[in-house]
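Below is one structure, written out as structure tokens, with a few remarks after it.
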2 protein chains.
Amino acid sequence: MPKSREPLSTRRVLQAALALADSGGTDSLSMRHLGRELGVEAMSLYRHVANKEAVLDGIVDLVVDEIDLPGDDSDWKAAMRRRGETAHRVLTRHPWAPALLMSRTNTGPAMLRYIDFTLGVLRGAGFSWRLADYAWNTMDSYVYGFTLRRLNFPIAAADYADTAAAYEYLLAGGRYPHMAELTRQVAEGHHPGDPDITFGLDLILDGLEHLRDREAAP
Amino acid sequence: MPKSREPLSTRRVLQAALALADSGGTDSLSMRHLGRELGVEAMSLYRHVANKEAVLDGIVDLVVDEIDLPGDDSDWKAAMRRRGETAHRVLTRHPWAPALLMSRTNTGPAMLRYIDFTLGVLRGAGFSWRLADYAWNTMDSYVYGFTLRRLNFPIAAADYADTAAAYEYLLAGGRYPHMAELTRQVAEGHHPGDPDITFGLDLILDGLEHLRDREAAP
DNA sequence: CACCCTTGCTTACGTCGTAAGCTTACACTG
DNA sequence: CAGTGTAAGCTTACGACGTAAGCAAGGGTG
């Protein structure tokens, strides 16, 4: 442990906070813990950060900044699909992030850049302002919603079939016949049972394309 | 005068917790506050409730139970649309609920009933198990995601156009040209700027119908 | 040298969830 | 009736939490 500390800074605090959240989730991200990690008392952090809210806003924007924007892609659908997949992958790397991302107003620079890029792609593909706005909102509602639900799904993707059986007691008694049957289908391998984000992503993108074309030629 | 309290019960505790969350959000829902509301010490609650997690699980399921299931509806699309709209409306009545609903495993009876019903509708409409499973997951990811984002959107729907101007400072400097232009479009009334859940709902439902038909006749 | 300004530290307050043990009140026995 | 068991609620306490208020120490500037 190198005891010679370099001075704190907002950046250093946020990066440590991000690392802390990654290693132990939002629960382990307390100002005291964060200070300890930086070799400093909790109150010292307040010289570089307004309060804990600011820390949360900061690390969320750090995560959003990890979402690479696709390069110049002439195919808007491919670009949008890639955008959604990348966001999903990044958010999955930081499992604590989606809940924060969705439940607070985020106006950090990375988020603004991200939205602006998206609007640009859609406008370039001929979407009206109205449709482009609805389009990205629909996409993001789905992508974030899917990711957050996925992260909290009690069964890991790998051993879905195995673990599903453990939940069968809930379905005993015939109160939930369809769920019971669905579980059986998964357990017997007739249905992977492992939802993939691309299913809804392509569904939405195809629908958006259709709406754009209909809008263009009424 | 010692107020003659009726005895506590799990139901009474959960109902009080629900009321508390509705009136002041999740922040004001502490075991101490909840006890005070019931005229009881915090620790007394633990006779009827395992811990705070159980309280949270309980009130989430109470909310889900408020989501009326559409009656026998021969039109699966109408039923599903109604289902989504109702869920959105109920969750909007309890603004603290979506975050909890999405970020914890919910296996309460109301939730199971709700999912089972949905699977029944889709199966009745000719969806395969696989497609039915993907379908409701896509729907719910969108509905919950949309609702949660919406609730945290800083601008109320009513005065979107007015308030949008207040955020213009963020967009100054030309760093986010598309967002700036979009804001202008809204401010000038060319685009309502107020996303409605039915946009994405219908988009997804139309897409699902298409997939079902394609699956039936390969 | 005196000055102040930045940085980090100390102490303290009111909050939280909940473990452990205690008291009270009532329903049964015999 | 006394005696006992049990459930419901109470008391106290512990170790967290975010952060307000004020202090100390070092370095750069005049």
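In what follows, chains carry the letters A, B, and so on, assigned in the order in which the sequence lines appear, proteins first and then strands, with residues in each chain numbered from 1. Computed over heavy atoms, backbone and side chain alike; hydrogens, waters and symmetry mates excluded.
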Open item on the list: Students often mix this up, so state it plainly: with edges at 30° and 60°, are the rings of B:Y134 and A:F199 parallel, tilted or perpendicular?
Closed with: tilted
Task: Qualifying residues under side chain to side chain contact (heavy atoms under 4.5 Å, CB included), relative to B:L18, sequence neighbours excluded - done: B:D22, B:I59, B:L62, B:V63, B:E66, B:H94, B:W96
Open item on the list: One pair to check against side chain to side chain donor-acceptor pair (under 3.5 Å): B:T10 and B:H48. What are the steps and the verdict?
Closed with: CA-CA 5 Å; B:T10 304; B:H48 307 278; 4.9 Å; no
- [ ] Calculate, to the nearest 0.5 Å, the distance between atoms CG and OG belonging to B:L38 and B:S44 respectively.
- [x] 10.0 Å
TODO: Assess whether atom CZ of B:R11 is packed by more than 12 heavy atoms of other residues, nucleotides or ligands within 6.0 Å.
DONE: no
Open item on the list: In this structure, how many angstroms lie between the P atom of C:dG17 and the CD atom of B:E41, rounded?
Closed with: 14 Å
Task: Strand contacts (DNA chain C) in residues 20-35 of chain A, 4.0 angstrom heavy-atom criterion - done: A:R32
TODO: Going 5' to 3' through nucleotides 19-24 of chain C, assign each nucleotide B (protein heavy atom under 4.0 Å from a base atom), S (under 4.0 Å only from sugar-phosphate atoms) or - (no protein heavy atom that close).
DONE: BB----
- [ ] To the nearest Å, give me how far apart NZ (B:K52) and P (D:dA16) are.
- [x] 18 Å
Open item on the list: Can you measure A:L38 atom CG to C:dG8 atom P for me and round it to whole angstrom units?
Closed with: 10 Å
- [ ] Would you kindly give the CZ-to-C1' distance between A:R12 and C:dG8, to the nearest whole Å?
- [x] 13 Å
- [ ] For the pair B:T118 and B:R83, evaluate side chain to side chain donor-acceptor pair (under 3.5 Å) and give the outcome as yes or no after the intermediate values.
- [x] CA-CA 8 Å; B:T118 308; B:R83 190 195 91 113; 2.6 Å; yes
Task: Backbone N/O of A:A110 and side chain of A:D65: donor-acceptor pair under 3.5 Å - done: no
Open item on the list: With a 6.0 Å cut-off (strictly less than), is the heavy-atom count around CZ of A:R175, excluding the residue itself, greater than 12?
Closed with: no
- [ ] Please state how far atom CD in A:E53 lies from atom P in D:dC17, giving the value in whole angstrom units.
- [x] 17 Å
